[in-house]
Structures are given as C-alpha cells and as structure tokens.
Amino acid sequence: MNKKIGILTGGGDCPGLNAVIRGVVKSAIIRHGWEVIGIEDGFDGLLDLDKCRSLTLESVRGILPRGGTILGTTNRGNPFSYPKEQDGKIVIIDQSDKVVENVRTLGLDALIAIGGEGSLKIALELAKKGVPVVGVPKTIDNDLRGTDFTFGYNTALETATDALDKLHTTAESHHRVMILEVMGRYAGWIALESGIAGGADVILIPEIPYDFTRVCAAIKKRSDRGSRFSILVAAEGAFPVGGDRVVAKSADERNAIERLGGVGQYVAKQIEQCLEMDVRVTVLGHLQRGGSPTTFDRALGSRFGTKAVAMVAAGEFGKMACLRGRTIGTVSIEDAVRDLNLVDPEGEIVRTAEDLGIMLGR
Ligand code: F6P
C-alpha cells in the first residue's frame, strides 16, 4: 500500500541527522515507493503547514557527510507547553490538538521523530493522542536509555579527544593545568570516554560528585613526581560534594530546561587557590555538535533511518529504533525515556579510568 510518512528532527542538532533523513527518504522511496514529507524546525513545523515539504531522492543527494539537519530544528518547540506572546506577555498554551489535526490534514500514515529525550517525550505524548509515531535516538550526550549508543555521540567524542590531544602539547610546553569543559548535560559519557582516549589526568562527571581537596592533591602529586602539567576534563554537569551544578541560564517560560555551563572556570578558581600553578580553561561548547559525522555515526544514522521505515512498514508504532550490541532493534519509547542513561560510578568504564590512574574526583 502506498504510504505518506512525515519526518522531523527535534531538540539540539548533532552530527548524523542528515544520514538518518537520507536513510529514511531512500528506503521509503526505493524499497517501498512511499512519499516522504519533511517537516521543518521540529514539532514547530507541524503547527505551520508551510513548513512541510516533499522530500525526494534529489533533496537528500550529497547530505550524508554534512553536519546539522537539512530540516532545521529547535529545542524550544514543545506543542504541549507552547510559549506564545499575548498582549505583550508570554503565555503557555497547549497546541497539541493542532499538531494532531495537521498530521491528519497532511494525510500522514506515520511520523518519524528523530530526537533526544525531550523530543521523544513529546513524540510519546502525541502517540497517546493517536499519532502513529516511530522514534530515532539522537544526541551527543548518549543519555538515552534503551539504546547502547545514540548517533552523534561518537562524533562529539572524536572532537573532544582531538581537543585534548591539542591541549596536551601546549599544557606540557607551559607547565599548566589545562581544563577542558565538555557538554553532556547530566551525563558524563563525553567527559569520561574522551578523557580516557585523550589521556586526561582528572575527569569530573556528574555521576561522581568531586572533592576539591582530593583533586588538588592529585594534581600536586603529579607535579611532585615531575609531571609539571595536568589535563582535567570537566563535564558541564559535574558538581562538588555538597554543592550544585554551575548553571549558565535558569529555566524560564521560553526555555523549559536550564542551560549548564561554567564548571571549567569554577574548578579553575579552586585549583588556583590551592596550587601555585597556571590554569587555563577551554570550553568546547557547540563545536561538539558540529562538523561532519564520523564513519560510525554515518553508518548508525543510516541504519536507524532504514530501520524506522521498516518499523512503519511493520506497524511498529510508539517504538524507537535502537542499537543493542551490534544489532539494530526496537524498544518502546515509553521505556526509552523513563529515565536517563547515566555512567555507573562503579561500572567497568569508571574502573578502567581509575585503573589507569585517572582521578575521578573522589
Ligand atoms: O543535549 C545536547 C546539548 O548539546 C547538551 O550537551 C548541552 O547541555 C545542550 O544541548 C546545549 O543546548 P543549547 O544548544 O541550547 O545551548
């Protein structure tokens, strides 16, 4: 049967989104002869039919190695609590009925939502309202339960490891403590794995509150042994024992979630107070979200995209494509968004880091 499927990318962008879009469009058209409608700017696009356009094989030509998303995205557009200006004030309204109506108006047999935890929670609520939804797990943070890896994470790791390699040479030349602040929100995956790969001396992650005295003691011990520089990776969500995360901007009516940032400077001040060493901070920021996806993310994105189409063909709605071991499978979106996939403080990767002599703040 001929089908019409919609596809959108929601939340923060990440490398590999275009690989998924291409995978969906190619397999929908080549294998099934279906029509694909690209929805611009995440769920926002379903509130404005002018933002919905047909995607052809021509539309996805050459996009596999490109970062970002040809569809655009937003990490603000939750139709269930949508900020709207009324009489000079921002009021929050529920626009979800309009989204459901537009899905019907467009004649969509399925909606493929590519997103992280926030976007997939919205997809789940739409599924409960009767929209036939299929999810694809995206985020550099790798914090989605239900899949071993999200696409985008591997590319972000490469970027962070490359930054650490570069910081190493300058740290060594100047006998400095170099701090690299990386993203990851409440999960420490990027900090932990790039820190191991980049030979960091200290890694601070949200899952293990750090103790400043111990961090300083570890750096001092290194310098006493003749290593006159140290490399510290701090996840943006890391916080000290008994303290709080460093928040760059609190949540408000426009931004549903707080924006993290500043832990690098915060830690630098503490180190400068306890050690007579020069400290510099690099905030890697959105560089982690940009650039061409790695081979791993291109392949994973392509596999997720084609799987999403196969899920539509099989009528597997309310589910998300996932990676388990080396196999692509499916998991219910409800299970995938129930809680976050965080680093296990007693798990094998943390143990590996500690066996390598890396200090994890405890
Ligand atoms: O979830 C992806 C992510 O890059 C986080 O690691 C980070 O905290 C956040 O998004 C930054 O969001 P924004 O693009 O709004 O600054």
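Atom set for the values below is all heavy atoms of this structure, side chains included, hydrogens, waters and symmetry mates excluded. For ligands, and for the atoms within them, numbers begin at 1 and follow the listed sequence. Given the structure is predicted, the values throughout are model-derived calculations rather than measurements.
- Ion pairing between a basic and an acidic side chain is recognised when a charged N comes within 4.0 Å of a carboxylate O; Lys138 and Asp13 show no such pairing.
- Stacking of Arg222 on the aromatic ring of Phe229 is recorded, both the 6.0 Å distance cut-off and the 45° axial limit being met.
- For ligand 1, residues of the protein lying within 4.0 angstrom by heavy-atom distance are Asn75, Ile140, Asp141, Met183, Gly184, Arg185, Glu236, His286, Arg289.
- A salt bridge links Asp148 with Arg324: at least one charged nitrogen is closer than 4.0 Å to a carboxylate oxygen.
- Taking a cutoff of 4.0 Å between a charged side-chain nitrogen and a carboxylate oxygen, Lys166 and Glu172 do not qualify as a salt bridge.
- With sequence neighbours excluded, the residues that form a disulfide bond (SG atoms under 2.5 Å apart) with Cys216 are Cys274.
- Salt-bridge check for Glu125 with Lys128: passed, with a basic side-chain N closer than 4.0 Å to an acidic carboxylate O.
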